[in-house]
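Inspection log for the structure reproduced underneath, given as structure tokens.
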Amino acid sequence: QVHLVESGGGLVQPGGSLRLSCAASESLFAINVMGWYRQAPGNQRELVARITSDGDTNYADSVKGRFTISRDNARNTGTLQMNRLKPEDTAVYYCNAVLQRGNVIWGGYWGQGTQVTVSS
């Protein structure tokens, strides 16, 4: 069964950086559209960034200018570069992707989540 695998979370001081990655577990599947979401305790899960199959991006206002979403089609991976991190960025981050196998679109999949903690 294909699934998404996340990596890159951890503990960082305010102003620091982290790089999150997301990849399909099976190489036959490519990422069509990918989004990164986050959920802090007591909050709803919110969309942080999104990238389309054509490379168009959009961001939540709270992260514009600090986060960059990108994709590497050759490696079938997606990345969220997080710079100038703030304590309010602390959350569990989830990738979500529409996968593609050949010309066939498969349903959306969620990564397992990775904890990002920004603290002194």
Side-chain angles (χ1 to χ4, degrees):
Q1 292 282 88
V2 65
H3 58 277
L4 298 179
V5 180
E6 299 182 32
S7 62
L11 174 65
V12 66
Q13 294 187 1
S17 298
L18 287 173
R19 185 177 179 89
L20 307 183
S21 295
C22 178
S25 63
E26 299 182 20
S27 61
L28 288 177
F29 290 85
I31 295 173
N32 185 280
V33 179
M34 185 185 71
W36 286 94
Y37 296 75
R38 67 186 181 188
Q39 187 167 18
N43 292 343
Q44 297 293 316
R45 186 173 299 186
E46 64 174 344
L47 177 65
V48 175
R50 180 176 178 268
I51 186 167
T52 71
S53 59
D54 294 327
D56 295 327
T57 60
N58 56 62
Y59 300 89
D61 288 340
S62 60
V63 306
K64 285 181 179 178
R66 299 188 297 117
F67 291 10
T68 302
I69 188 171
S70 62
R71 60 192 298 149
D72 186 340
N73 291 335
R75 300 180 185 273
N76 293 326
T77 60
T79 299
L80 184 68
Q81 179 66 45
M82 309 162 64
N83 297 326
R84 306 199 309 278
L85 284 161
K86 304 175 180 179
E88 51 262 44
D89 295 319
T90 296
V92 178
Y93 284 70
Y94 300 88
C95 66
N96 178 266
V98 174
L99 298 181
Q100 181 175 337
R101 181 178 176 178
N103 296 125
V104 179
I105 299 297
W106 289 61
Y109 294 83
W110 288 97
Q112 80 279 9
T114 184
Q115 177 71 47
V116 172
T117 302
V118 185
S119 175
S120 299

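Atom CZ of Arg75 sits in a sparse spot, with 12 or fewer heavy atoms from other residues, nucleotides or ligands closer than 6.0 Å. For CD of Glu88, the number of neighbouring non-hydrogen atoms (other residues, nucleotides, ligands) closer than 6.0 Å is greater than 12.
Hydrophobic clustering (ILVMFWY, side-chain heavy atoms < 4.5 Å, transitive): Ile51 and Phe29 are in one cluster. When the side chains of ILVMFWY residues are joined at heavy-atom separations under 4.5 Å, either directly or via intervening members, Val2 and Met34 end up in a single hydrophobic cluster. Hydrophobic clustering, with ILVMFWY side chains joined whenever heavy atoms are under 4.5 angstrom apart, keeps Val63 apart from Tyr37. No continuous path of hydrophobic side-chain contacts links Val92 to Phe67 [ILVMFWY only; heavy atoms under 4.5 Å]. Cluster annotation: Val33 and Ile31 are assigned to distinct hydrophobic clusters (Ile/Leu/Val/Met/Phe/Trp/Tyr, side-chain heavy-atom contacts under 4.5 Å, transitive).
For the disulfide (SG to SG under 2.5 Å) condition, the pairs that include at least one residue of residues 9-109, sequence neighbours left out, are Cys22-Cys95.
Of the options Thr90, Asn43, Asp89, a side-chain hydrogen bond (donor to acceptor under 3.5 Å, both in side chains) to Arg38 is made by Asp89 and by none of the others.
At least one side-chain heavy atom of Val118 sits under 4.5 Å from a side-chain heavy atom of Val116. In this structure the side chain of Gln1 never reaches within 4.5 angstrom of the side chain of Tyr109, judged on heavy atoms. By the 4.5 Å heavy-atom criterion applied to side chains, Tyr94 and Asn96 are not counted as neighbours.
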Distance-only donor-acceptor pairs under 3.5 Å for side chains of residues 97-106, two or more places apart:
residue	atom	partner	partner atom	Å
Gln100	OE1	Asn32	ND2	2.8
Gln100	NE2	Gly102	O	2.8

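Ser25 contributes a side-chain N or O that, together with a main-chain N or O of His3, makes up a donor-acceptor pair within less than 3.5 Å. A donor-acceptor pair under 3.5 Å is formed between the side chain of Gln112 and the backbone N or O of Glu6.
For the residue pair Thr79 and Gln81, no side-chain donor N or O sits within less than 3.5 Å of a side-chain acceptor on the partner.
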